[in-house]
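We name chains A, B, ... by the order of the sequence lines, and we start the count at 1 in each one.
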Protein chains: 2
Amino acid sequence: MQVDQNKSRRAVILECAARLFREKGYKATSMRNIAEAVGIQGASLYNHITGKQEILVELLMSIARLFTKEMNEINKSSLPAVDKLKRLISIHIRYTAEQTDAISIITSEWAHLEEPTLSEYLGLRNAYEEKFEQIIKECIADGTFENVNPKIALFSILSTLRWLYSWYGKQKNINPIELEQEMIHCLLMGLIKR
Amino acid sequence: MQVDQNKSRRAVILECAARLFREKGYKATSMRNIAEAVGIQGASLYNHITGKQEILVELLMSIARLFTKEMNEINKSSLPAVDKLKRLISIHIRYTAEQTDAISIITSEWAHLEEPTLSEYLGLRNAYEEKFEQIIKECIADGTFENVNPKIALFSILSTLRWLYSWYGKQKNINPIELEQEMIHCLLMGLIKR
DNA sequence: ACCTTTAACTAACGTTTGTTAGTTAGATAT
DNA sequence: ATATCTAACTAACAAACGTTAGTTAAAGGT
């Protein structure tokens, strides 16, 4: 029994599917498209996965759980709230660079999840956003931020981080460290008290 | 000949299609879905439109041309660059409120455009982004903004404005005027020299 | 040497897709 | 009154879809 090769084959399928889902979207990508990218026949995919939806679930939920875990670890720390935000920005940039395809899918294809996974995903997302907002409120409460509307600040920061993938990679002459510094500046400096 | 009713029927189809494209995506929305929303049979749609792609083209390009026109008018004015940015933010918020479905589609479904319309759309979008970036550069040149990376500032602002639709409307207790003020604050204050 | 497992294959299924063809009832124009 | 036009209908098409069934060749275990 070659568990190792089995797993790697499955990983290749997930990888190819992620790339195609990103390029064409979930619905526009057929099982035969994915199979062709892997180099096998469409029906052969079913030796490794139970169906198309399972691919989406696996790609999406693994990322969702990753961000949930990171958020929990940050909240366990005793960092000042504004440093928690900087860590979050840093994490978004890192995962966007490392797993661009999967990040792209979680941002733009989550609506194709079927129940009950859809509810599970939305639960994780809402929890993440609420914790994010809570940190922003802390920044206001401890006097670091001006008295901005926390929901608008949250939305402004999160939408930029989520759409990083569509833009990162096209810019050749930006290194990740500069990017991180500039984004912290653009996203947070408007909120910090002067 | 009832041109008026003909036009309104066509408008209803575009409206229903926009809503469905937004809710389920272009590929996941069938012609029969659209027809059902209108209250006719699928095949009857073809008395008013030439096909599914035409609906997407019409919805998308009308918005693209709208933003192109607004950008040109702003650039014709002799406003200070930072006020041009404020006008752009204002315009994005207004159209997002007025035409949420179409705005949603231009942000998330443009990739389903077929050639040659796809190239035409991307041309308009690139021109818009370049003019937007040029205004940011003006703000840096005239000393209003700090010496930030203009591409990162552009991306940060634009992604927030583009994703407004996914978020606006869920927030009951925010009026458009407050939203505009807060967004100008969140998006621009981090850039302005202190 | 024999049995089991793995992972590929071909063939086919029932459904849905976008679209076309042909028809028809009612409104409008002459 | 007759002809034309509009906008709906039913029926059907060919293609593509996700998926299932059954088969086969090779690899691994005993």
Side-chain angles (χ1 to χ4, degrees), chain A residues 1-60 105 109-115 117-118, chain B residues 1-60 105 109-115 117-118:
Chain A
M1 183 174 52
Q2 281 182 311
V3 175
D4 211 1
Q5 273 193 22
N6 182 19
K7 273 201 184 173
S8 86
R9 197 51 152 169
R10 192 185 158 93
V12 169
I13 291 171
L14 292 175
E15 226 170 84
C16 290
R19 205 185 63 244
L20 289 167
F21 288 173
R22 180 189 176 186
E23 286 169 6
K24 325 194 333 170
Y26 175 75
K27 277 281 178 182
T29 301
S30 73
M31 293 302 274
R32 289 165 177 89
N33 289 152
I34 298 170
E36 192 187 16
V38 175
I40 58 179
Q41 290 298 114
S44 303
L45 291 170
Y46 290 80
N47 286 314
H48 307 279
I49 47 132
T50 71
K52 191 184 183 183
Q53 176 74 196
E54 195 199 40
I55 299 176
L56 184 67
V57 169
E58 188 129 335
L59 289 171
L60 229 133
I105 293 162
E109 303 292 322
W110 61 266
H112 294 107
L113 278 177
E114 296 166 6
E115 292 292 0
T117 320
L118 177 59
Chain B
M1 182 173 52
Q2 279 182 312
V3 175
D4 211 2
Q5 271 194 25
N6 182 22
K7 274 199 182 173
S8 86
R9 197 52 154 168
R10 191 185 159 95
V12 169
I13 291 171
L14 292 174
E15 225 170 85
C16 290
R19 205 185 63 244
L20 290 167
F21 288 173
R22 179 190 177 186
E23 285 169 6
K24 325 194 335 171
Y26 176 75
K27 276 283 177 181
T29 302
S30 74
M31 293 301 275
R32 288 165 179 86
N33 290 151
I34 298 169
E36 192 188 15
V38 175
I40 59 178
Q41 291 298 114
S44 303
L45 291 171
Y46 291 80
N47 286 314
H48 308 278
I49 48 132
T50 71
K52 192 184 182 183
Q53 176 74 197
E54 193 198 41
I55 299 177
L56 185 66
V57 169
E58 187 129 332
L59 288 171
L60 230 133
I105 293 161
E109 303 293 323
W110 61 266
H112 294 108
L113 278 177
E114 296 165 6
E115 294 290 1
T117 320
L118 177 58

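Every residue meeting the side-chain contact (heavy atoms from CB on, under 4.5 Å) condition with B/Ile13, not counting sequence neighbours, appears here in chain and number order: B/Ile34, B/Val38, B/Leu45, B/His48, B/Ile55. Residues passing the side-chain contact (heavy atoms from CB on, under 4.5 Å) test with A/Glu114 are A/Gln53, sequence neighbours excluded. Legend: residues meeting side-chain contact (heavy atoms from CB on, under 4.5 Å) with B/Glu23, ordered by chain and number and at least two apart, are B/Arg19, B/Leu20. With sequence neighbours excluded, the residues that form a ring pair (Phe, Tyr, Trp, His ring centres under 6.0 Å) with A/Phe21 are A/Tyr26. Every residue two or more places apart in sequence or in another chain that forms a side-chain contact (heavy atoms from CB on, under 4.5 Å) with A/Gln41 is listed here: A/Ser44.
Protein atom CD of B/Glu54 is 15 Å distant from nucleotide atom P of C/dG18, rounded to whole Å. Atom CG in B/Leu45 sits about 11 Å away from atom C1' in C/dT19, given to the nearest Å. A straight line from NE2 of B/His112 to C1' of C/dT17 spans 14 Å, rounded to a whole angstrom. Rounded to a whole Å, the CD1 atom of A/Ile49 is 10 Å from the P atom of D/dG18. We find that CG of B/Asn47 is positioned 5 Å from C1' of D/dA7, with the value rounded to whole Å.
B/Ser44 has no side-chain polar atom (N or O) that falls below the 4.0 Å cut-off from OP1 or OP2 of D/dA7. OP1 or OP2 of D/dA8 sits under 4.0 Å from a side-chain N or O of B/Arg9. The phosphate of C/dT6 has neither OP1 nor OP2 within less than 4.0 Å of any side-chain N or O from A/His48.
For the segment residues 19-41 of chain B, the set of residues with a heavy atom within less than 4.0 Å of an atom of DNA chain D comprises B/Arg32, B/Ile40, B/Gln41, in numerical order.
Counting heavy-atom neighbours within 6.0 Å of B/Lys27 NZ, excluding the residue itself, gives a total of 12 or less.
For A/Tyr46, the listed nucleotide lying nearest its side chain is D/dG18; candidates were D/dA7, D/dT10, D/dG18.
Across all strands, B/Gly51 comes closer than 4.0 Å only to sugar-phosphate atoms, never to a base (heavy-atom distances).
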